[in-house]
J.: 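One structure, as structure tokens, below. Some questions next.
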Amino acid sequence: MHIIFETPRLILRRFTEADAPLVLALNSDPEVLRYIHEPKLESEEHARQIIRDIILPQYDNDLGRWAMHIKDTNEFIGWCGLKFRPELNEIDLGYRLLQKAWGNGYATEAASQTLDFGFSKLKLPVISACAHIENTASINVLEKIGMAYKGNAIVDDCPVRTYMKTTPGNR
């Protein structure tokens, strides 16, 4: 298991193709997908393809969406991480959690540590993020971790609030 980092309650690690059942469980819940307008996954093979074609290539640059587990139980609860979005020329902070993990502060904990990892370990100058304009829980996470609101936009055909944070000390 390739651990990226730990927080007080969480372990974040790289996905492998063997994680297809976990990705399927996460991306087949219509409520989880409500604000992101991605198609519902229908099979483990489709989940494996997402891991192989989208998630794993990001690891070549030390970026990626990382599997998130509760430290005490090793239970998978979602993912968090950084992804290069070439169409925007940005490094994007993102997270997605199973419904049973909502409301426990896990997204805030993981996202905050991910920002720190991006700035301190990867030496990134800027990290961006966005949340659907109706996804108040995600907007609250981005604001709690100190990201600055930049404006509204359309990203992946969704109306979003966009945020940005620069390396501490760099304006």
Side-chain angles (χ1 to χ4, degrees), residues 2 4-5 12-17 19-20 22-24 26-43 45-68 78-98 107-108 110-168 170-171:
H2 186 132
I4 304 300
F5 59 77
L12 278 84
R13 64 160 180 89
R14 286 184 173 183
F15 278 101
T16 69
E17 287 188 45
D19 293 316
L22 304 177
V23 172
L24 177 62
L26 183 63
N27 288 12
S28 62
D29 182 337
E31 277 303 300
V32 170
L33 301 175
R34 180 177 180 189
Y35 296 115
I36 52 180
H37 300 271
E38 286 183 10
K40 179 179 168 186
L41 293 184
E42 302 290 342
S43 69
E45 183 50 42
H46 191 199
R48 201 171 352 275
Q49 178 188 359
I50 297 290
I51 292 169
R52 189 173 43 246
D53 296 346
I54 297 172
I55 295 173
L56 296 181
Q58 291 280 328
Y59 295 161
D60 293 341
N61 298 314
D62 292 324
L63 300 171
R65 303 308 198 195
W66 305 307
M68 188 185 327
W79 58 254
C80 184
L82 300 168
K83 176 181 175 182
F84 178 64
R85 299 200 49 161
E87 72 279 12
L88 301 173
N89 194 30
E90 294 178 347
I91 302 294
D92 173 71
L93 167 68
Y95 40 85
R96 188 174 303 171
L97 280 72
L98 293 167
T108 302
S112 178
Q113 187 68 34
T114 298
L115 281 179
D116 183 60
F117 178 85
F119 292 133
S120 64
K121 301 284 191 229
L122 302 179
K123 307 298 184 203
L124 298 171
V126 177
I127 297 173
S128 65
C130 64
H132 191 285
I133 60 171
E134 295 175 0
N135 189 345
T136 55
S138 192
I139 289 166
N140 288 340
V141 167
L142 296 175
E143 292 177 353
K144 278 184 199 173
I145 64 173
M147 297 198 79
Y149 172 69
K150 300 312 280 182
N152 290 354
I154 302 294
V155 175
D156 296 333
D157 299 321
C158 295
V160 297
R161 289 176 57 98
T162 62
Y163 290 82
M164 183 180 76
K165 190 163 188 174
T166 58
T167 301
N170 182 14
R171 297 249 172 223

J.: Please work out which of the three classes, parallel, tilted or perpendicular, describes the rings of W66 and F5, given edges at 30° and 60°.
T.: perpendicular
J.: Taking the six-membered ring of F15 as reference, does the NZ or CZ atom of R65 fall below 6.0 Å from its centre and within a 45° cone about the axis?
T.: no
J.: Please identify which of these residues, S128, C80, C130, meets the side chain to side chain contact (heavy atoms under 4.5 Å, CB included) condition with L93.
T.: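 Checked S128, C80, C130 against L93; only one passes side chain to side chain contact (heavy atoms under 4.5 Å, CB included): C80.
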J.: How close do Y163 and I139 get, counting heavy atoms only, and between which atoms?
T.: OH-CG2, 3.3 Å
J.: Of all the heavy-atom pairs spanning V141 and A111, show the shortest one and how long it is.
T.: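 Nearest pair, atom of V141 first, then A111: CG1-CB, 4.2 Å.
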J.: Hey, what do you get for CG (D92) to CG (L82), rounding to the nearest 0.5 Å?
T.: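 The CG atom of D92 sits 8.0 Å away from the CG atom of L82.
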J.: Taking it one step at a time, do Y35 and V160 satisfy side chain to side chain contact (heavy atoms under 4.5 Å, CB included)?
T.: CA-CA 9 Å; Y35 296 115; V160 297; over 6 Å; no
J.: How long is the gap from OG1 on T136 to CZ on R161, to the nearest 0.5 Å?
T.: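 The OG1 atom of T136 sits 10.5 Å away from the CZ atom of R161.
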J.: Could you check whether any side-chain heavy atom of L142 comes within less than 4.5 Å of a side-chain heavy atom of Y95, counting everything from C-beta outward?
T.: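 Counting from C-beta outward, L142 and Y95 do come under 4.5 Å.
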J.: Is there a donor-acceptor contact under 3.5 Å from the side chain of T167 to the main chain of L124?
T.: yes
J.: I want to check something: taking the side chain as every heavy atom from C-beta on, are R96 and L33 in contact at a cut-off of under 4.5 Å?
T.: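 Answer yes - side chains close enough.
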J.: Distance alone, cut at 3.5 Å: any donor-acceptor contact between the side chains of E143 and Y149?
T.: no
J.: Is there side-chain contact between L115 and M147, with heavy atoms separated by less than 4.5 Å?
T.: yes
J.: Taking atom CZ of R48 and atom CD of E17, what is their separation to the nearest 0.5 Å?
T.: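 Reported value, rounded in 0.5 Å steps: 7.0 Å.
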J.: Indicate yes or no for a side-chain donor-acceptor contact from Q58 to the backbone of F84 under 3.5 Å, with no hydrogens or angles considered.
T.: yes
J.: Is there a side-chain contact between L63 and K83 (heavy atoms, below 4.5 Å)?
T.: no
J.: How long is the straight-line distance from CD1 of I50 back to CG of N27, given to the nearest 0.5 Å?
T.: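 Nearest 0.5 Å value for the CG-CD1 distance: 7.5 Å.
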J.: Shortest non-hydrogen contact from R13 to T16?
T.: NH1-N, 4.3 Å
J.: Quick one: closest heavy-atom pair of L97 and V32, and the distance?
T.: O-CG2, 3.6 Å
J.: What distance do D62 atom CG and I4 atom CD1 have between them, rounded to the nearest 0.5 Å?
T.: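 Those atoms lie 7.5 Å apart.
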J.: Could you check whether any side-chain N or O of T162 sits under 3.5 Å from a backbone N or O of G151, counting only pairs where one atom can act as donor and the other as acceptor?
T.: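 Yes; judged by distance alone, with no hydrogens or angles, the pair exists.
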J.: Exactly one of L24, I51, I55 should register a side chain to side chain contact (heavy atoms under 4.5 Å, CB included) with D19. Which one does?
T.: I51
J.: Working to the nearest 0.5 angstrom, can you tell me the gap between S43 OG and Q49 CD?
T.: 8.5 Å
J.: Do I127 and T114 come within less than 4.5 Å of each other through their side chains, counting heavy atoms only?
T.: no
J.: Stepwise, does the side chain to side chain contact (heavy atoms under 4.5 Å, CB included) test hold for Y59 with H2?
T.: CA-CA 11 Å; Y59 295 161; H2 186 132; over 6 Å; no
